[in-house]
2 protein chains.
Amino acid sequence: MKMTPEILLKSLSDQTRLRSLMLLMQEGELCVCELTYALNLIQPKISRHLASLRDIQVVTDKRAGQWVYYSINRGLPPWAKELLQASLKGSLNDKQHRADLNKLKNMSNRPCELLTTYE
Amino acid sequence: MKMTPEILLKSLSDQTRLRSLMLLMQEGELCVCELTYALNLIQPKISRHLASLRDIQVVTDKRAGQWVYYSINRGLPPWAKELLQASLKGSLNDKQHRADLNKLKNMSNRPCELLTTYE
DNA sequence: GGCATATATATGATCAAGCATATATTATCT
DNA sequence: AGATAATATATGCTTGATCATATATATGCC
């Protein structure tokens, strides 16, 4: 599937998807339960939006045990990465984004991929 | 009104608005009738979308005689300009955008602001 | 009056939300 | 090891709201 501004921008027009992507831009890799906690939304909602982002290949997923980790697709064309970077730049001042990031940092019992991999 | 990624991205999520903005990015200044012709859409549709873009201050308008010219708001924050630039970069390969631009270039009796100003 | 632009109203389509439920992986118990 | 429970994630399905569209009409400039 070919990425176009139309497709990418439409995916960014939803608050839940935008908030998720901005966290992924800063944190690199997050599982559904981390996003669910950070954004304070119900799990099916997060899962559904991540699936739609995966469908258009804005994010990639990776199963690690019982967790599924999502991250920004490294194969995105340069203009798309730049567009996401600009969005993040604009979000750094954003109250909502800052609150989301803070909530994530304070999450207890955050799943740690490395521990489960090496045990 | 404060510009945020949420507001800007939502405005870019509509095809008519996106196509109009991409032409404005390349051409600098266009009136409603030029956009109507280039995008091959009915006038009220263009007018309405431009009004919504003006409401959130993504574009500015300027009356010159019977024409109203729209252009990208120069006062946009840097991240917003960068986001629009990235969108344009992605649109340069886009079939639709190229067709729109081509149609505009071939428009006959294009209103010329300078002539009407000085006559 | 004619052209350019704006707005009002009604209709229709898209899409997100929420609930319930299904699948998958891990942990526990006997 | 097999059965069971718990946790993480995904997916139908229905409802409701948002928003773009089209037609018609109005305003403003030459």
Side-chain angles (χ1 to χ4, degrees), chain A residues 6-7 9-21 24 29-56 59-71 104 107-113 115-119, chain B residues 6-7 9-21 24 29-56 59-71 104 107-113 115-119:
Chain A
E6 178 183 0
I7 295 172
L9 289 166
K10 205 168 175 185
S11 80
L12 291 167
S13 71
D14 176 82
Q15 262 290 77
T16 302
R17 290 192 293 267
L18 179 61
R19 289 168 68 193
S20 300
L21 285 173
L24 287 173
E29 199 169 61
L30 295 169
C31 68
V32 178
C33 66
E34 287 174 313
L35 286 167
T36 300
Y37 180 86
L39 305 193
N40 200 31
L41 296 173
I42 58 180
Q43 178 271 327
K45 186 168 174 173
I46 298 289
S47 179
R48 189 176 290 281
H49 283 294
L50 287 173
S52 82
L53 289 172
R54 185 189 47 211
D55 288 345
I56 62 172
V59 299
T60 56
D61 65 338
K62 171 181 96 180
R63 172 145 237 146
Q66 74 192 131
W67 294 284
V68 175
Y69 287 90
Y70 286 87
S71 44
L104 177 63
M107 179 179 182
S108 53
N109 293 96
R110 246 178 109 172
C112 179
E113 188 206 338
L115 285 178
T116 58
T117 302
Y118 289 136
E119 84 185 358
Chain B
E6 179 183 0
I7 294 172
L9 290 166
K10 207 169 173 184
S11 81
L12 291 168
S13 70
D14 176 82
Q15 262 291 75
T16 303
R17 290 192 294 267
L18 179 60
R19 289 167 69 193
S20 300
L21 285 172
L24 288 172
E29 199 170 60
L30 295 169
C31 68
V32 179
C33 64
E34 287 175 312
L35 286 167
T36 300
Y37 180 86
L39 304 194
N40 199 31
L41 296 173
I42 58 180
Q43 178 271 327
K45 186 168 173 174
I46 299 289
S47 180
R48 174 181 276 266
H49 283 295
L50 287 173
S52 81
L53 288 172
R54 185 189 48 213
D55 287 346
I56 62 172
V59 299
T60 56
D61 65 337
K62 173 180 94 179
R63 172 144 236 146
Q66 73 191 128
W67 295 284
V68 176
Y69 287 89
Y70 286 87
S71 44
L104 177 62
M107 180 178 180
S108 54
N109 293 98
R110 246 178 109 173
C112 178
E113 189 207 337
L115 286 178
T116 59
T117 303
Y118 290 136
E119 81 187 1

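Computation of the quantities below employed the complete heavy-atom set of this structure, encompassing side-chain atoms and omitting hydrogens, waters and symmetry-equivalent molecules.
One atom, CG of A/Leu39, and another, C1' of C/dA16, lie 15 Å apart when rounded to the nearest Å. For A/Arg17 and C/dT14, the CZ to C1' distance is 12 Å, given to the nearest whole Å. One atom, CD of B/Gln15, and another, P of D/dT21, lie 10 Å apart when rounded to the nearest Å. Taking atom NZ on A/Lys45 and atom P on C/dC15, their separation rounds to 16 Å, with Å as the unit. Whole-Å rounding puts the B/Leu41 CG to C/dA6 P distance at 15 Å. Look at CD1 on A/Ile7: it is 17 Å from C1' on C/dT14, rounded to the nearest Å. Whole-Å rounding puts the A/Leu9 CG to C/dC15 C1' distance at 17 Å. Atoms CG (A/Asn40) and P (C/dG18) sit 12 Å apart, rounded to a whole Å.
Partners of A/Ser71 by side-chain contact (heavy atoms from CB on, under 4.5 Å), not counting sequence neighbours, listed by chain and number: A/Glu29, A/Thr60. Considering only residues two or more places apart in sequence or on other chains, A/Asp61 meets the side-chain hydrogen bond (donor to acceptor under 3.5 Å, both in side chains) condition with A/Arg54. B/Glu34 meets the salt bridge (charged side-chain N to carboxylate O under 4.0 Å, His left out) test with B/Arg110; sequence neighbours excluded. Contacts of B/Leu41 classified as side-chain contact (heavy atoms from CB on, under 4.5 Å), with partners at least two apart in sequence or in another chain: B/Thr16, B/Arg19, B/Leu39, B/Lys45, B/Ile46. For B/Ser11, the side-chain contact (heavy atoms from CB on, under 4.5 Å) criterion is met by B/Leu8, B/Arg17, B/Leu53, B/Ile56, B/Val58, not counting sequence neighbours.
Residue B/Ile46 is out of contact with every strand shown, counting any heavy-atom pair closer than 4.0 Å.
Contact annotation: B/Lys10 side-chain N/O to D/dT18 OP1/OP2 distance is not under 4.0 Å. Here B/Ser13 does not reach the OP1 or OP2 of D/dC19: none of its side-chain N or O atoms lies under 4.0 Å away.
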Margin query: Return a single string for nucleotides 2-10 of chain D, one symbol per nucleotide in 5' to 3' order, where B is base contact, S is sugar-phosphate-only contact and - is none, cutoff 4.0 angstrom on heavy atoms.
Written below: -----BSBB
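The residue among A/Gly65 and A/His49 whose nearest nucleotide of DNA chain C lies closer to the 5′ end is A/His49.
Between the OG1 atom of A/Thr36 and the CE atom of A/Met107 there is a distance of 8.5 Å, given to the nearest 0.5 Å.
Contact of the B/Leu104 side chain with the B/Leu30 side chain is registered, since non-hydrogen atoms from C-beta on lie closer than 4.5 Å.
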